[in-house]
Number of protein chains: 2
Amino acid sequence: MATPKETKAPPAMAEADIAIVRIAPETSFKNKAYEALKEAILKMDIYTTPEPVMLDERALSERLGVSRTPIREAIAMLEQDGFVKTVPRRGIVVVRRTKTEIVDMIRAWAALESMAARLITTTARKKDITALRDFFKDFNSDRRPEDHIEEYSKANIAFHQALISLSENQVLVDMTNDILLHVRGYRQLTIGRKDRTATSLPEHLGIIEALEARDTELAEKRARDHTLGLAAYVEAHGQELFT
Amino acid sequence: MATPKETKAPPAMAEADIAIVRIAPETSFKNKAYEALKEAILKMDIYTTPEPVMLDERALSERLGVSRTPIREAIAMLEQDGFVKTVPRRGIVVVRRTKTEIVDMIRAWAALESMAARLITTTARKKDITALRDFFKDFNSDRRPEDHIEEYSKANIAFHQALISLSENQVLVDMTNDILLHVRGYRQLTIGRKDRTATSLPEHLGIIEALEARDTELAEKRARDHTLGLAAYVEAHGQELFT
DNA sequence: ATCAGGTTTTTGGCATGCCAAATACCAGAA
DNA sequence: TTCTGGTATTTGGCATGCCAAAAACCTGAT
């Protein structure tokens, strides 16, 4: 018999640690509710529905099969994330960002990513940098990004996340992911737009080249300008979503 | 008489809107508990106590005179902020950052602040930029920062916050404030150190000069390098706190 | 004295129920 | 029909109490 996880491991004992399948806590209802609600909010396309989206604690607790307590705790967490806002005796409303807020977020993203690029030039391994090209290996002059927008958009996000991960700075990674979550619902109608995908791919490759060349200033500049370009684009052409 | 915020303003009605003292909700216990706990955590000098700091729900609810429910919701919020971590059947522990995490945070701060500097050169008013000098008007070659470290340290933080506010980008402001909260407890033994205050003041003035000159690239560079300098300093001399 | 085995206590997780504020609803008067 | 006043309902805020997992404690055998 295997003795699983003793507080103090007995001196002499043949330990057969096979198939210890993680007796782990399996996350609480609170965390399950948090993940479920977060995912539901992210895939609900808030910017297409005209009237404000409301959540109801009791309805949610019934739908998820738990009491209101863990639901309320999950809501409190989501409120910290800025995804919802609970108005005292009115209800819980899913937050809709203004165009200005989206633009501000993208500029913050540009700041974080350019710093990541800077750090990468001094620490990342050559092979890891070069591997960034793989995200776009299915696209070229024959198979153009603007003809496969959905697919290219996913590769786009994956590239940016992989890029920032190379900085080996978890704070940059986490903060950027938070921003991407907020911008994502909005992304569908902006990042994927044809008029930007045309310039997007060359810019990405330019960033990779600067990283490979270990040109800190250039890599930083290219990463910054690329994302600032998106911010400028949204600022100029993002009206239709915020009527 | 003005008609004060009616849902539908009645046509004819002489409304005496004197002494409408805001019947506002006065924040819930949940939010009060959140603020109280947050402040308590921030002023407790986590890095000086050797053993991990634990919190107890029941003790807290008794101390604050409320039930465990709002306390638990506040804890959930603080956990989202990264200030505490609740371990299932073990307790709630106040998170201690590693040196690497602190350095990573400061680098993220550098990224955000350099972007703020960039934006300021294109949007802020001259007088607002010049006003940044006031934070240091009490310091000069006669009254040196290193002789009034506590006071200079406060001016330092205030300067950085005011600087970022000038960007008029609320996302940058909020993210930086979050970072400062985490770095603050640590600040006492680093930012305030004499060997850095010597170079700090001239660098600050250099940033202001670049902003006034509307030199986008230079302002960004100086803001970035100044804070990256702090990161490098902590990385090199911050050992003693993380034994 | 040491340690296995069992018991008590502690601690977070969660369900339940009541409360008050805000709203929705409805009936009666003008 | 429209407006007013009151009532029922909805909704988040919160207190309370039980539960199970862990830890702390205790006890008796070796």
Side-chain angles (χ1 to χ4, degrees), chain A residues 1 3-13 22-37 51-80 83-95, chain B residues 3 5-13 15 22-37 51-80 84-95:
Chain A
M1 304 299 141
T3 44
K5 272 296 171 75
E6 282 298 339
T7 342
K8 292 179 180 179
M13 178 181 295
R22 162 75 76 177
I23 308 296
E26 303 166 4
T27 76
S28 56
F29 285 164
K30 171 184 69 177
N31 288 311
K32 285 184 180 177
Y34 171 74
E35 295 298 336
L37 291 177
E51 72 286 351
V53 180
M54 306 290 289
L55 300 181
D56 178 62
E57 286 182 2
R58 292 168 221 266
L60 291 174
S61 75
E62 200 167 332
R63 284 267 285 274
L64 296 181
V66 298
S67 80
R68 286 174 56 211
T69 305
I71 298 289
R72 283 181 56 78
E73 290 170 354
I75 296 289
M77 295 165 72
L78 288 169
E79 188 163 12
Q80 284 302 102
F83 288 120
V84 302
K85 167 78 176 165
T86 104
V87 188
R89 293 290 176 340
R90 303 292 296 272
I92 302 158
V93 52
V94 178
V95 171
Chain B
T3 46
K5 273 299 171 74
E6 283 295 342
T7 342
K8 292 178 181 178
M13 179 183 293
E15 191 81 30
R22 163 75 75 176
I23 308 296
E26 304 167 3
T27 78
S28 57
F29 284 165
K30 171 184 69 177
N31 288 311
K32 285 184 179 177
Y34 171 74
E35 295 299 337
L37 292 177
E51 72 286 350
V53 181
M54 306 290 289
L55 299 181
D56 178 62
E57 286 183 3
R58 292 169 220 268
L60 290 174
S61 75
E62 199 168 332
R63 282 267 286 273
L64 296 182
V66 297
S67 80
R68 287 174 56 211
T69 306
I71 298 289
R72 283 181 55 79
E73 290 170 354
I75 296 288
M77 294 165 74
L78 289 169
E79 188 163 13
Q80 285 302 102
V84 302
K85 168 80 176 163
T86 103
V87 188
R89 292 294 177 339
R90 304 292 297 272
I92 302 158
V93 51
V94 178
V95 172

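So that the names make sense, note that chain A is the first sequence line, chain B the second, and so on, each numbered from 1. This structure is a prediction, so every number in the text was calculated from the model and none was measured. Below, each value reflects all heavy atoms present in this structure, side chains not excepted, and no hydrogens, waters or symmetry copies.
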Atom pair distance, as rounded to whole Å: CG in A:L55 and C1' in D:dT10: 16 Å
Starting at NZ of A:K30 and ending at P of C:dG12, how long is that distance when rounded to a whole Å? 11 Å
Round to a whole Å and report the spacing from CG of B:D56 to P of D:dA23. 16 Å
Calculate the interatomic distance between A:L60 atom CG and D:dT11 atom P; express it in whole Å. 11 Å
How long is the straight-line distance from CZ of B:F29 back to CG of B:L64, given to the nearest 0.5 Å? 10.0 Å
Set of residues satisfying side chain to side chain donor-acceptor pair (under 3.5 Å) with respect to B:N31, sequence neighbours excluded: B:S28
Please give me the minimum heavy-atom distance between A:K32 and A:T27, naming the atom from each residue. CG-OG1, 3.5 Å
Nearest 0.5 Å, what's the CD-OH distance between B:E79 and A:Y34? 10.5 Å
Considering heavy-atom distances to DNA chain C, does B:I92 or A:V66 have its closest nucleotide positioned more toward the 5' end? B:I92
Just to verify, which of B:E62, B:E73, B:E57 counts as forming a salt bridge (Lys or Arg N to Asp or Glu O under 4.0 Å) with B:R68? B:E57
Output for pair (A:I92 CD1, A:M54 CE), nearest 0.5 Å, gives 8.0 Å
Which of residues 70-79 of chain A have a heavy atom under 4.0 Å from DNA chain C? A:P70
With B:L55, which of B:L78, B:L60, B:I71 fulfils side chain to side chain contact (heavy atoms under 4.5 Å, CB included)? B:L60
Nearest whole Å is fine: how far is D:dT11 C1' from A:K85 NZ? 16 Å
Please report, rounded to the nearest Å, how far the C1' atom of C:dC14 is from the NZ atom of A:K32. 13 Å
If a protein heavy atom is under 4.0 Å from the base, mark B; if only from the sugar-phosphate, S; if neither, -; do that for nucleotides 16-23 of chain C going 5' to 3'. BB--BSSS
To the nearest angstrom, the CZ-P distance between A:F29 and C:dG12 comes to 19 Å
Name the closest nucleotide to the B:T86 side chain, picking from C:dG12, C:dC14, D:dG12. C:dG12
Could you state the atom-to-atom distance from CD of A:E62 to P of C:dC14 in whole Å? 19 Å
Identify the two heavy atoms, one from B:A33 and one from B:P70, that lie closest to each other, and give their separation to 0.1 Å. CB-O, 4.4 Å
Look up atom CE in B:M77 and atom NZ in B:K30, then write down how far apart they are to the nearest 0.5 Å. 5.5 Å
